[in-house]
Amino acid sequence: MAVKFTNAEIARLFRQVAAVYTIQNVNRFRIIAYEKAADAIETSNLEIRDLWQDKRLSEIQGIGAVISGHLEQLFTSGKVREYEELFKAVPEGMLTLLDVSGFGPKKAYRLAVEFNLNDAGNAIDKLLKAARGDKIAPLEGFGAKSQADIIEALERFKLGQNKKKRMPLPVADATAKQLVAYLKKFEEAVQVEPLGSLRRKVSTIGDVDLAVATDKPQKVLEYFLKYPKKDKIIEIGPSGASLILGNGQHADLRVQKPRSFGAMLQYFTGSKQHNIHLREYALKKGLSLSEYGIKILKKSDKKQKLIEFPREEDFYKYLGLPWIPPELREDLGEIEAAINNRLPELVKLTDIKGEVHVHSNYNLEPSHDLGQNPLGEMVDKAQSLGYEYLGLSEHNPSVSKHTEKEVIAIMKRRKQDYEQIMLSKKNVRVKLFIMLEVDILPDGKLALPEKAFEFVDAVVVSVHTSFQMPKKEMTERVLAAFSHPKAKILAHPSGRLIGKREGYEIDWQRIFDFAKNHDKAIEINAHPSRLDLVDVLVKRAIENGNKLIIDTDSHDRESMDLMEYGISVARRGWAEKKDILNTMSYNKFKSWLIS
DNA sequence: GCCGTTTTCGGCCCGACTGTTTTCAGTCG
């Protein structure tokens, strides 16, 4: 029996371990190791528990033999003996205080001991009471201001304002694009770039962070503060400012002189792990990196000259590396690849020649939602995007509301109607694939009678019900459905909905192997709330030799523009053009799809 | 405790900010 722990819970545990070690003054690099492991786990796009089950823990940078052993204990028994022992050395309340912002190991320990916070449950309240009773300010190392800060932090913590929700990339990106357009209108803004997770195109974004290169930082900041969609100003300093926008999102701007913009861009793009690894690499070359540039370290010479970089490319070049695309900067092997000149040539939006998972409003009487636009309008949109082909994959007719005969009749009628519409359209270069999105039923059967397959070129298959199934059953279920000769694509393969629903449990290796051996594709679904398959699994699938396809799952024609976010996921998964099937021209794609 | 352009031993990122301080410790990203 395996015990469930989320990545966040495990990261928290490791930070607690690091904090107690800090108090005990053990080798500080052991402490750093635990903090590093916590960071890596927190930012992992895969559940650590799944990796443990698949014996893939060693793939996470920062988890070695010892911590692997501890995780083994944690997942099998629910606790780690060594940590239980360790935690006995401190008052229980210290561990609770670590969750409050502004509290590190020293402050948490000091106050937990001072006020006997021996119970995790009431530590916050007890400390709050002491602070309000003016008991903290007189302590050595504290004062009136820090006491006031503590009260504020504890109150905020109690209100649950500690954690902010992250939004899907396309939501943040829409905001960013408007803001970038606004900033670019200002002539003193020489260059405008997104920063952080937004620039790396991570699937979920916290704040919208942007940077401007300018010789007039103050003027740019003033202009930024006049942004019409701002709700209120949070802070303003010489190097940046923060706003809350009308939609509740936070927007941060940093300003920098053009001559050192490259180093700043590199630093604030991250990821943190990428930067740490890069600095370690640089250090071995006698170079020290920072957001301001690169310093050459010499033992004899104490004066270290700073070399500045207007362009990020030159920053990497100085380190002897090719420029690394931001999407790869997650410390998942990109630095080693750069050193060996083996960076992938990432797939681009302009490589896409079509897609096959969009929904029209043709009434198939399905049990799920219809699209909003007729076939003709979807085809026109595909043509405007420069596509060579489009596959219509509406949901299958409801099986509970129709007899088999009725379903077959509906499918036959649709095929005739679609062919008629395409014949009647003028000046259409886009070729049509008549497809369908077919439910994978809980028993592994497809929700379409066998005779109805005659009226489709191929189908995408997907799970829309019964998500809570044991891993093995779910895997068997999906494989059974996927093995139908016309089932060529497994759509939104994990079933996750960002911020709403975790993906179901499934044995990815078996799915990937099956797809590879039977010449089938795994979908990267570009829908804003899905972005599924996730980037790390895209990388694993590609390493496994799988072919992928990027679809928007559009239910209206405008959504077909969201292809770029599927591309982002693919690029984060190290996908090249050859890995993505819908970069193929019509004839090649057709011979794969209909085979 | 982790990890490997050379290294399975001997290293381990960098700077800003804040508050309580006469030169620094703690926290954060």
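A note on names: the letters A, B, ... follow the listed sequences, proteins ahead of strands, and every chain is numbered from 1.
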Q.
I need the CD-C1' distance between E235(A) and dT18(B), as an integer number of Å.
A. 13 Å

Q.
What I want to check is whether an N or O donor and acceptor connect the side chain of Y267(A) with the base of dG15(B) at under 3.5 Å.
A. no

Q. Which part of the nucleic acid does I276(A) contact within heavy-atom distance under 4.0 Å: base, sugar-phosphate only, or nothing?
A. base

(Q) When the C1' atoms of dT18(B) and dT23(B) are compared, how many Å lie between them, rounded to an integer? (A) 15 Å

Q) After noting the C-alpha distance and the side-chain angles of L245(A) and Y227(A), does the key distance pass the side-chain contact (heavy atoms from CB on, under 4.5 Å) rule? A) CA-CA 9 Å; L245(A) 304 178; Y227(A) 186 50; 3.8 Å; yes

**Q.** Sugar-phosphate, base or nothing in reach of N27(A), heavy atoms under 4.0 Å
**A.** base

Q) Given dG29(B), is OP1 or OP2 found less than 4.0 Å from the side-chain N or O atoms of K272(A)? A) no

(Q) Can you check the distance between dT7(B) and dG11(B), where both ends of the measurement are the C1' atom (answer in whole Å)? (A) 9 Å

Q: Could you check whether A65(A) gets within reach of a base, just the sugar-phosphate, or nothing at all, counting any heavy atom under 4.0 Å?
A: sugar-phosphate

Q: Could you tell me whether K285(A) contacts a base, only the sugar-phosphate backbone, or nothing, with contacts defined as non-hydrogen atoms closer than 4.0 Å?
A: base

**Q.** Euclidean distance, atom CD of residue E152(A) to atom P of dG19(B) [Å, nearest integer]
**A.** 11 Å

**Q.** Any K295(A) side-chain nitrogen or oxygen under 4.0 Å from OP1 or OP2 of dG15(B)
**A.** yes

Q: Send over the distance from M94(A) CE to dG26(B) P, rounded to a whole Å.
A: 12 Å

Q) Is the cationic atom of R15(A) (NZ for Lys, CZ for Arg) positioned less than 6.0 Å from the six-membered ring centroid of Y34(A) and within 45 degrees of its normal? A) no

Q) Within the structure shown, what part of the strands sits under 4.0 Å from I63(A) by heavy-atom distance: base, sugar-phosphate, or nothing? A) sugar-phosphate

Q) Does Q147(A) or P105(A) map to a spot on DNA chain B nearer the 5' end, using the closest nucleotide for each? A) Q147(A)

Q. Under 4.0 Å between a side-chain N or O of K106(A) and OP1 or OP2 of dG26(B)?
A. yes

Q. What nucleotide among dT6(B), dG1(B), dG19(B) has an atom nearest to a side-chain atom of F29(A)?
A. dG1(B)

Q: Specify the separation, in whole Å, of atom CD of Q273(A) and atom P of dC14(B).
A: 16 Å

Q: Please work out if L283(A) contacts a base, only the sugar-phosphate, or nothing of the nucleic acid, heavy-atom cut-off 4.0 Å.
A: sugar-phosphate

**Q.** Among dC14(B), dG1(B), dT5(B), the one nearest I339(A) by side-chain distance
**A.** dT5(B)

Q.
Whole angstroms only, please: what is the CD-P distance between E336(A) and dT6(B)?
A. 13 Å

Q | Phosphate-side-chain proximity, Y281(A) and dC3(B), N/O vs OP1/OP2 below 4.0 Å | A | no

(Q) Taking any heavy-atom pair under 4.0 Å as a contact, classify Q61(A): base, sugar-phosphate, or nothing. (A) sugar-phosphate

**Q.** E280(A) side chain, from C-beta outward: closest of dT20(B), dC12(B), dG29(B)
**A.** dC12(B)

Q) Starting at CZ of R30(A) and ending at P of dG11(B), how long is that distance when rounded to a whole Å? A) 19 Å

(Q) Counting only side-chain nitrogens and oxygens, does S146(A) get under 4.0 Å of the OP1 or OP2 atom of dT20(B)? (A) yes

Q: Grab the CG-C1' distance between L97(A) and dT27(B) for me, whole Å please.
A: 15 Å

Q.
For Y182(A) together with Y223(A), are the ring centres under 6.0 Å from each other?
A. yes

Q) Separation of R254(A) atom CZ from dG15(B) atom P, in whole Å? A) 15 Å

Q) Is there a Watson-Crick or G-U wobble partner for dT8(B) with both distances under 3.5 Å, and which nucleotide is it? A) none

Q. Would R12(A) and D99(A) pass as an ion pair if we require N to O under 4.0 Å?
A. yes

Q) Expressed in whole Å, how much space separates the C1' atoms belonging to dC2(B) and dT8(B)? A) 12 Å

Q. What integer number of Å spans the C1' atoms of dT27(B) and dT20(B)?
A. 14 Å

(Q) Less than 4.0 angstrom from a charged side-chain N to a carboxylate O is my criterion; do K272(A) and D39(A) meet it? (A) yes

Q) So which nucleotide from dT27(B), dG1(B), dT7(B) ends up closest to the side chain of K107(A)? A) dT27(B)

(Q) Taking the nucleotide of DNA chain B with the nearest heavy atom to each, does H70(A) or S288(A) sit closer to the 5' end? (A) H70(A)

Q | Sugar-phosphate only, base, or nothing, as touched by A144(A) at under 4.0 Å among non-hydrogen atoms | A | sugar-phosphate

Q: Using the C1' atoms only, state how far dC17(B) lies from dC12(B), rounded to an integer number of Å.
A: 25 Å

Q) What distance, rounded to whole Å, do you find between the two C1' atoms, one in dT5(B) and one in dG1(B)? A) 23 Å

Q. Is the count of non-hydrogen atoms from other residues, nucleotides or ligands lying under 6.0 Å from K36(A) atom NZ greater than 12?
A. no

Q | Whole-Å C1' distance, dG15(B) and dG10(B) | A | 26 Å

Q: Taking the six-membered ring of F103(A) (Phe, Tyr or Trp), confirm whether the NZ or CZ of K107(A) is under 6.0 Å from its centre and within 45° of its axis.
A: yes

Q. If you measure from CD1 on I23(A) to CE on M94(A), what distance do you get to the nearest 0.5 Å?
A. 4.5 Å

